[in-house]
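Worksheet: one structure, shown below.
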Amino acid sequence: MIISSEWGVVGWPQATAYSAAKAGLIALTKTLGRELAPENITVNAVAPGVIDTPQLQVDADSAGVTLSAMHDRYGRDIPIGRIGKPAEIAATVAMLTRADLGALVGQTIQINGGSTRCRV
């Protein structure tokens, strides 16, 4: 299991190095998925979007707004109208550990309320 980020899928202004590193993790997921599948080892990634973590307070401080205002600001750009919850990421990680999902290999699951979609 690899944890990447939505920014590794779409990039983000002023987060070039972070986005590039997270994109590298997505490539690693695809490559390891192909390499390890014959050993019956599955490798997948989760790429969260904006999640309710302490980073949001850093973002709020940087923008000069309250934490509540930062939640609202990010939530406006997400189709479900809110930021994600840590428990939603944990549930996705738990799902990807299930043995009955053995054919799910080298995939990046984007948990982001619909703000980005996977591309082929």
Side-chain angles (χ1 to χ4, degrees):
M1 177 66 50
I2 293 173
I3 305 296
S4 181
S5 169
E6 178 175 26
W7 309 149
V9 176
V10 299
W12 196 250
Q14 300 178 356
T16 304
Y18 179 84
S19 297
K22 296 303 184 172
L25 289 174
I26 292 170
L28 180 67
T29 299
K30 293 175 182 185
T31 301
L32 284 178
R34 293 180 65 92
E35 288 180 7
L36 297 175
E39 312 276 336
N40 203 28
I41 299 170
T42 59
V43 178
N44 293 292
V46 175
V50 179
I51 305 299
D52 189 7
T53 68
Q55 178 62 44
L56 291 183
Q57 185 63 59
V58 174
D59 294 353
D61 292 345
S62 178
V65 300
T66 65
L67 181 58
S68 178
M70 185 57 47
H71 279 240
D72 292 343
R73 183 180 292 183
Y74 282 140
R76 282 192 301 267
D77 294 331
I78 299 171
I80 63 169
R82 65 170 177 84
I83 61 174
K85 301 171 187 169
E88 293 169 317
I89 305 307
T92 304
V93 169
M95 178 198 70
L96 290 174
T97 65
R98 291 178 25 193
D100 62 335
L101 293 175
L104 188 64
V105 176
Q107 302 303 306
T108 298
I109 308 299
Q110 298 180 134
I111 307 300
N112 55 35
S115 60
T116 61
R117 273 78 52 206
C118 291
R119 292 184 178 165
V120 177

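Source: prediction; values computed, not measured. Count residues from 1 along the sequence.
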Quiz item: For the side chain to side chain contact (heavy atoms under 4.5 Å, CB included) test, which of Ile51, Asn112, Thr108, Ile111 pairs with Glu6?
Solution: Asn112

Quiz prompt | Heavy-atom pair with the smallest gap, counting every atom of Gly113 and Ile78 | solution = O-CG2, 3.6 Å

Self-check item: Minimum heavy-atom distance Pro79-Gly114, with the two atoms named
Solution: CG-O, 3.3 Å

Practice problem: Evaluate the criterion side-chain contact (heavy atoms from CB on, under 4.5 Å) for residue pair Trp7 and Thr16; output intermediate values, then yes/no. | Solution: CA-CA 9 Å; Trp7 309 149; Thr16 304; over 6 Å; no

Quiz prompt | Ser4 versus Ile26, closest heavy-atom pair with distance | solution = OG-CG1, 3.5 Å

Practice problem: Find out whether Thr92 and Glu88 are in side-chain contact, i.e. whether some heavy atom of one side chain is under 4.5 Å from a heavy atom of the other. | Solution: no

Self-check item: Closest contact, heavy atoms only, Pro48 versus Ile89
Solution: CB-CD1, 3.7 Å

Quiz prompt | Interatomic spacing from CD in Gln110 to OG in Ser5 - rounded to 0.5 Å | solution = 9.5 Å

Self-check item: Heavy-atom side-chain proximity of Ile3 to Val93 below 4.5 angstrom
Solution: yes

Self-check item: Non-neighbouring partners of Arg76 that pass salt bridge (Lys or Arg N to Asp or Glu O under 4.0 Å), sequence neighbours left out
Solution: none

Practice problem: Give a yes or no answer on whether the side chain of Asn44 reaches the backbone of Gly106 with a donor-acceptor pair at less than 3.5 Å. | Solution: yes

Quiz item: What's the verdict on side-chain contact (heavy atoms from CB on, under 4.5 Å) for Ile2 and Val43, showing C-alpha distance, side-chain angles and the deciding distance?
Solution: CA-CA 8 Å; Ile2 293 173; Val43 178; 4.0 Å; yes

Quiz prompt | Closest contact, heavy atoms only, Val9 versus Ala47 | solution = CG2-CB, 4.5 Å

Quiz item: If two hydrophobic side chains count as joined below 4.5 Å and joins carry through other members, does Leu25 share a cluster with Val46?
Solution: no

Exercise. Can you measure from CG (Asp72) to CD1 (Ile83) and round to the nearest 0.5 angstrom?
Key: 9.5 Å

Quiz item: Do any pairs count as a side-chain hydrogen bond (donor to acceptor under 3.5 Å, both in side chains) and have a residue in residues 17-41, sequence neighbours left out, and if so which ones?
Solution: none

Quiz item: Can you find a pair of side-chain heavy atoms, one from Leu56 and one from Leu67, that are under 4.5 Å apart?
Solution: yes

Quiz item: What distance separates Asp59 CG from His71 NE2, expressed to the nearest 0.5 Å?
Solution: 10.0 Å

Practice problem: Report whether Val50 and Val65 are members of the same hydrophobic cluster (ILVMFWY, side-chain heavy atoms less than 4.5 Å apart, transitive linking). | Solution: yes

